[in-house]
Amino acid sequence: MTINPFQINEATIQEIQQAFQENRLTSVELVQAYLDRIEKFDRNGPKINSILTLNPDALKIAAELDDMRGQDGQGPLYGIPVLLKDNIETADRMPTTAGTIALQQNFARQDSFVASQLRNAGAIILGKVNMSEWAYFMSKDGPSGYSALGGQVLNPYGIKTFEAGDVGGSSSGTGAAIASNFAVAGVGTETSGSILSPASANSIVGIKPTVGLLSRSGIIPLAESQDTPGPMARTVADAAILLGAMTGVDEHDSATQASIGHALTDYTPHLKTDGLKGARIGVDISFLNDEQPDERAIMDEAIEQLKGLGAIVEEVTIPVQPFQSDVLWYEFKRGVNDYLQTVPDEVPVKSLADVIEFNKQDPERRMKFGQAELEKSQSMSDDPTDPTYLLHRKTDLRTTAAEGLDVTMREHNLDALLFQNNRGAAMPAKAGYPSITVPAGYTRSGLPVGVTFSAGAFSEPRLIELAYAYEQATRKRKAPDLSDY
């Protein structure tokens with residue numbers, strides 16, 4: 001009798017672990033299957049171009065884990081390949097570049113905290129993925145998913161039809177790679193929409209955690225007040241497993257102190273199919289007014305589905321106070337200057353000013369779309385006590401949290417707010433609040449659309465309940481069709 005080989009397409013962590021236990025699959029076989037698929041569809045064929053660097057030791061690590069399988073303390077991530085956005089440091093033979101040529105020799109001396117947590121959980125870091133250069137904080141004139149080092153990431157749902165940038169960003173490579181089944185799950189980072197946007201655009205699940213739930217140490221920064229890593233996966237369950245594996249208090253990131261008493265190491269008890277029953281969900285229709293008809297129809301359908309699953313959906317008005325904040329530019333300069341003091345001697349830049357000058361030496365290759373955001377940031381003060389910076393940060397918190405999301409949630413007694421795609425992502429991001437995006441459908445052209453649930457600090461368990469119930473009832477995700485290649 002011939003045993004069918006294990007199919008990695010759309011395979012979940014639970015399915016893979018069951019195959020391990022039944023001796024139908026090894027980690028070596030799993031890693032090799034992903035490497036073969038990456039070679040076929042990322043390097044060749046449609047050339048999705050999501051992977052910047054593959055871990056040359058992945059198969060060796062997989063073999064070592066196979067040899068130790070069955071010992072006590074091995075959790076759900078044991079032997080599971082994951083991909084990391086290439087601004088997350090790993091102490092191995094892969095550099096950490098943020099997609100910029102200036103950092104192509106940036107080999108870290110130690111793992112970032114989240115990479116260390118993943119290794120401790122038995123995960124195999126399969127590779128580092130392409131991203132919008134400097135987390136899409138170099139130039140807004142270029143498309144999302146482009147970096148000088150890696151080129152343009154393509155959306156697997158519209159390789160021939162969508163425009164560059166429709167892949168979402170800045171965690172573009174994570175979104176496209178996980179959607180394309182190049183690994184089981186991945187890690188992105190977000191400052192404002194950079195997990196939620198590519199999750200929606202690639203029909204996967206993305207969790208943008210509360211700032212402080214996951215450590216940022218060993219991650220190339222954008223803005224310390226808003227930065228966070230977060231899981232990206234094809235299912236809510238897999239994203240929840242990855243999230244729990246990465247939590248922990250890190251002495252090198254003081255923000256994680258706030259997670260004490262709030263963080264969980266296992267979010268799977270909150271995978272509840274009845275999680276929407278009796279839930280109160282707020283929707284501000286003004287956030288939907290700029291949508292295309294196809295997208296609006298998907299949102300309207302999602303609202304009706306939520307009601308059918310027992311949720312009370314209430315129309316609300318979130319107070320929005322127009323304010324042009326420069327917090328990101330102040331914090332980027334300070335954060336990058338501090339980070340570049342830690343890089344190896346082989347890296348030719350040691351400050352943001354150095355980066356700007358380095359790019360000017362070969363502008364066509366190093367700054368194809370300019371570097372206006374870098375230059376604006378360089379013009380800012382790097383003094384953390386600068387009065388203008390402090391005023392802008394205080395205003396951000398007041399307008400988005402205390403006088404925005406908090407008052408809306410409290411007045412309507414809401415469990416969460418519902419947005420489409422990453423519209424509205426800026427408010428929870430500035431407040432440091434969590435969000436989760438789940439596939440909700442596809443436009444007539446095939447572009448994926450997600451819905452996003454957002455709530456207050458450390459509400460990840462409740463958001464997972466809501467998202468899981470919606471996902472399980474609707475089953476909207478479809479794998480991209482790469483059969484022509």
Side-chain angles (χ1 to χ4, degrees), residues 8-9 11 16 25-66 77 79-101 103-108 111-112 114-116 118-119 122-133 145-154 156 167 171-189 198 202 204 218-220 229 231-234 242 482 485:
I8 63 168
N9 241 26
I16 291 168
L25 181 70
T26 66
S27 287
V28 167
E29 292 169 339
L30 182 63
V31 167
Q32 188 61 60
Y34 282 123
L35 292 175
D36 292 345
R37 187 169 174 83
I38 289 166
E39 181 65 22
K40 183 175 182 180
F41 296 114
D42 200 64
R43 301 285 197 253
N44 296 287
K47 295 185 178 179
I48 292 166
N49 199 39
S50 62
I51 311 293
L52 261 180
T53 312
L54 287 169
N55 187 349
D57 299 314
L59 286 168
K60 176 186 174 185
I61 294 168
E64 293 170 350
L65 293 173
D66 281 336
L77 280 180
I80 298 292
V82 298
L83 290 165
L84 304 187
K85 187 176 181 180
D86 199 28
N87 57 353
I88 302 173
E89 290 189 333
T90 55
D92 48 29
R93 292 195 282 166
M94 295 184 290
T96 304
T97 71
T100 184
I101 293 170
L103 295 181
Q104 62 185 335
Q105 295 301 316
N106 184 31
F107 291 89
D111 277 340
S112 60
V114 294
S116 177
L118 290 171
R119 291 195 208 269
I124 301 165
I125 298 176
L126 183 63
K128 308 286 270 296
V129 294
N130 201 359
M131 57 182 283
S132 307
E133 188 165 352
Y146 175 83
S147 71
L149 189 60
Q152 180 65 51
V153 180
L154 300 182
V167 69
S171 302
S172 316
T174 317
I178 301 308
S180 302
N181 286 274
F182 295 155
V184 185
V187 182
T189 66
N202 293 278
I204 64 170
I219 298 177
I220 298 174
M232 301 174 72
R234 290 182 292 273
L242 200 61
L482 303 178
Y485 299 95

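- Each of Asn87, Thr53, Thr96, Asn55 was checked for a side-chain hydrogen bond (donor to acceptor under 3.5 Å, both in side chains) with Lys128, and the lone residue meeting it is Thr96.
- Within the 4.5 Å cutoff, the side chain of Asp86 has no heavy atoms near those of the Asn130 side chain.
- With hydrogens and angles ignored, the 3.5 Å screen pairs a side-chain donor or acceptor of Ser132 with a backbone N or O of Gly145.
- In this structure a side-chain-to-backbone donor-acceptor pair under 3.5 Å is present from Ser112 to Glu89.
- The side-chain heavy atoms of Pro229 and Ile219, taken from C-beta on, include a pair separated by under 4.5 Å.
- The heavy-atom pair separating Val153 from Ala176 by the smallest distance is CG1-CB, 3.6 Å.
- Summarising the geometry of Ala183 relative to Leu126, their closest heavy-atom pair is CB-CD2, 4.3 Å, with the distance given to 0.1 Å.
- In this structure, the side chain of Asn49 does not engage the main chain of Leu154 through any donor-acceptor pair within 3.5 Å.
- At least one side-chain heavy atom of Thr90 sits less than 4.5 Å from a side-chain heavy atom of Arg119.
- Side chain to side chain, Gln104 and Thr97 fail the donor-acceptor criterion of an N or O pair below 3.5 Å.
- Scanning both residues, Gly186 and Leu242, for their nearest heavy atoms gives O-CD2, 3.2 Å.
- Between Phe182 and Arg37, the closest heavy-atom pair is CE2-O, 3.8 Å.
- Ile124 has its side chain out of reach of Leu30: every pair of non-hydrogen atoms, C-beta onward, lies at least 4.5 Å apart.
- In this structure, CD on Gln32 lies 10.5 Å from CD on Glu39, to the nearest 0.5 angstrom.
- No side-chain heavy atom of Asn44 sits less than 4.5 Å from a side-chain heavy atom of Tyr485.
- Here the CG-CZ distance, from Leu54 to Arg43, works out to 5.0 Å after rounding to the nearest 0.5 Å.
- Judged by distance alone, the side chains of Asp42 and Ser50 do bring a donor and an acceptor atom under 3.5 Å apart.
- Counting only heavy atoms from C-beta outward, the side chains of Thr174 and Leu83 never approach each other to under 4.5 Å.
- The minimum heavy-atom distance linking Ala177 with Val129 is given by the pair CB-CG1, 4.3 Å.
- Without hydrogens or angle criteria, Thr26 side chain to Glu29 main chain gives a donor-acceptor distance under 3.5 Å.
- Summarising the geometry of Ser180 relative to Ile48, their closest heavy-atom pair is OG-CD1, 3.4 Å, with the distance given to 0.1 Å.
- No hydrogens or angles considered: a donor-acceptor pair under 3.5 Å links the side chains of Ser171 and Lys85.
- Considering only heavy atoms from C-beta on, Asn181 stays 4.5 Å or farther from Ile8 through its side chain.
- The shortest side-chain heavy-atom distance between Leu59 and Leu35 falls under the 4.5 Å cut-off.
- Between Arg234 atom CZ and Asn202 atom CG the span is 12.0 Å, to the nearest 0.5 Å.
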As a quick check of understanding, evaluate side-chain contact (heavy atoms from CB on, under 4.5 Å) for Ile125 and Met94, giving each step before the final call.
CA-CA 10 Å; Ile125 298 176; Met94 295 184 290; 3.9 Å; yes
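- Taking CG of Leu482 as the reference point, atom NZ of Lys40 lies at 9.0 Å (rounded to 0.5 Å).
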Evaluate the side-chain contact (heavy atoms from CB on, under 4.5 Å) criterion for residues Val31 and Ile61: first the C-alpha distance (whole Å), next the side-chain angles of each, then the deciding distance (0.1 Å), finally the verdict.
CA-CA 10 Å; Val31 167; Ile61 294 168; over 6 Å; no
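- Separation of atoms CD1 (Ile88) and CG (Asp111) is listed at 11.0 Å; rounding is to 0.5 Å.
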